[in-house]
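Single-structure report; data block below.
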Amino acid sequence: MHLLEKHLVISTEVSTALAEGRPVVALESTIISHGMPYPKNVQTALNVEQVIRDNGAIPATIAILQGKLVVGLNHQQIEHLGKEGSNVIKTSRRDIPFIVAAKKDGATTVASTMILAQMAGIKVFATGGIGGVHRQAETSMDISADLQELANTSVAVVCAGVKSILDIGLTLEYLETYGVPVIGHQTSKMPAFYTRESGFSVDYQLDNPSEIAQSLAAKWQLGLKGGVVIANPIPAEHSMDEKLIEDTINSALQDMQDAGVSGKDSTPFLLARIAKVTAGKSLEANIQLVYNNAALGAQIAVQLAKLL
Ligand code: PSU
Ligand code: MN
């Protein structure tokens, strides 16, 4: 047996779709266990899967369950991850072997979801936001492992840009250094998750799923390994007030410093603070932008399946 097959479990629906060259979209599980409260996290995760189906692709939600790398969770497994919440270990690249060896459950981040997607042969992944270079990274050195994964792993990540809990400018510089292209879907502006613009630009504006799929196919056919960020702005009707979100983020960053939170706990802490201060408004925006990204991800996967 191939050594990897000992650990990797792909659902029948997903493995059949992949074998037949049909479109599949990967989905992460940290957003379920650590990114949103129960039961909204579970409802959202199930709705996201439906959005992907409605747009012609097969969803593959990814996590580690009892040490198995599972690609294509069923509804009970999603419910389990959502209910357990932060009891499930947030699992990025460095954590994977330990969760596997100890046969534990792990909620996969963007980085580890990309890794598992690549193992399974999935090229497109939709989520809310990616990790990045944190504000004040020049002293904390807090830079998400998501960025190194984008540098090395050939999976396209559809997201609503980078939250301004991060330093968006430094994140874009980092991506440039590692050769990760940032595509704006129907925009030349880098979106900032809750809002449609950040003051920074994307590298390339592409206006439809077919053009995006063509550029992904070109990159990988040329042997240029690594990921691509597809930045899809939150729909205008769901976007938040820029001043409100900026003030909220600044106060959440102060709270984080006061509480002495750092490392892998930073992102979940900030997300929960922001949701609390905005009385759930940010959570609602977050949910809507994930649906929007799921739809685009599925449409890109449909086009890419014709090319690769
Ligand atoms: N950004 C969000 N929601 C999230 C995350 C980021 O808006 O749920 C999660 C993703 O799983 C991402 C991870 O990969 O946080 C990044 O964490 P860190 O900064 O510790 O690498
Ligand atoms: Mn970090």
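Side-chain atoms are counted along with the backbone in the values below, which use heavy atoms only and exclude waters and symmetry mates. Atoms within each ligand, like the ligands themselves, are counted from 1 in listed order.
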Query raised in the report: Should the pair K225 and W220 be classed as cation-pi, given the thresholds of under 6.0 Å to the six-membered ring centre and 45° from the axis?
Result: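 Checked: cation-pi criterion not met.
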Donor-acceptor pair between [X] and [Y] side chains, under 3.5 angstrom:
X: H238; Y: N292; result: no
X: Q299; Y: Q303; result: no
X: T108; Y: S112; result: no
X: E28; Y: T127; result: yes

Query raised in the report: Knowing that exactly one of E79, Q43, E84 qualifies, which makes a side-chain hydrogen bond (donor to acceptor under 3.5 Å, both in side chains) with Y38?
Result: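 Among E79, Q43, E84, the one that satisfies the side-chain hydrogen bond (donor to acceptor under 3.5 Å, both in side chains) with Y38 is E79.
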Requested in this report: Measure from the Mn ion (ligand 2) to every N/O/S atom of D142 and report the name of the nearest one.
Outcome: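 Going through the N, O and S atoms of D142 one by one, OD1 ends up nearest to the Mn ion (ligand 2).
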Quick one: ligand 1 N/O to protein N/O pairs below 3.5 Å?
| from | atom 1 | to | atom 2 | distance (Å) |
| --- | --- | --- | --- | --- |
| ligand 1 | 7 (O) | K163 | NZ | 2.0 |
| ligand 1 | 11 (O) | E28 | OE1 | 2.6 |
| ligand 1 | 14 (O) | V110 | N | 2.8 |
| ligand 1 | 14 (O) | D146 | OD1 | 3.2 |
| ligand 1 | 14 (O) | D146 | OD2 | 2.7 |
| ligand 1 | 17 (O) | K90 | NZ | 3.1 |
| ligand 1 | 19 (O) | T267 | OG1 | 3.0 |
| ligand 1 | 20 (O) | K90 | NZ | 2.8 |
| ligand 1 | 21 (O) | S144 | OG | 2.7 |

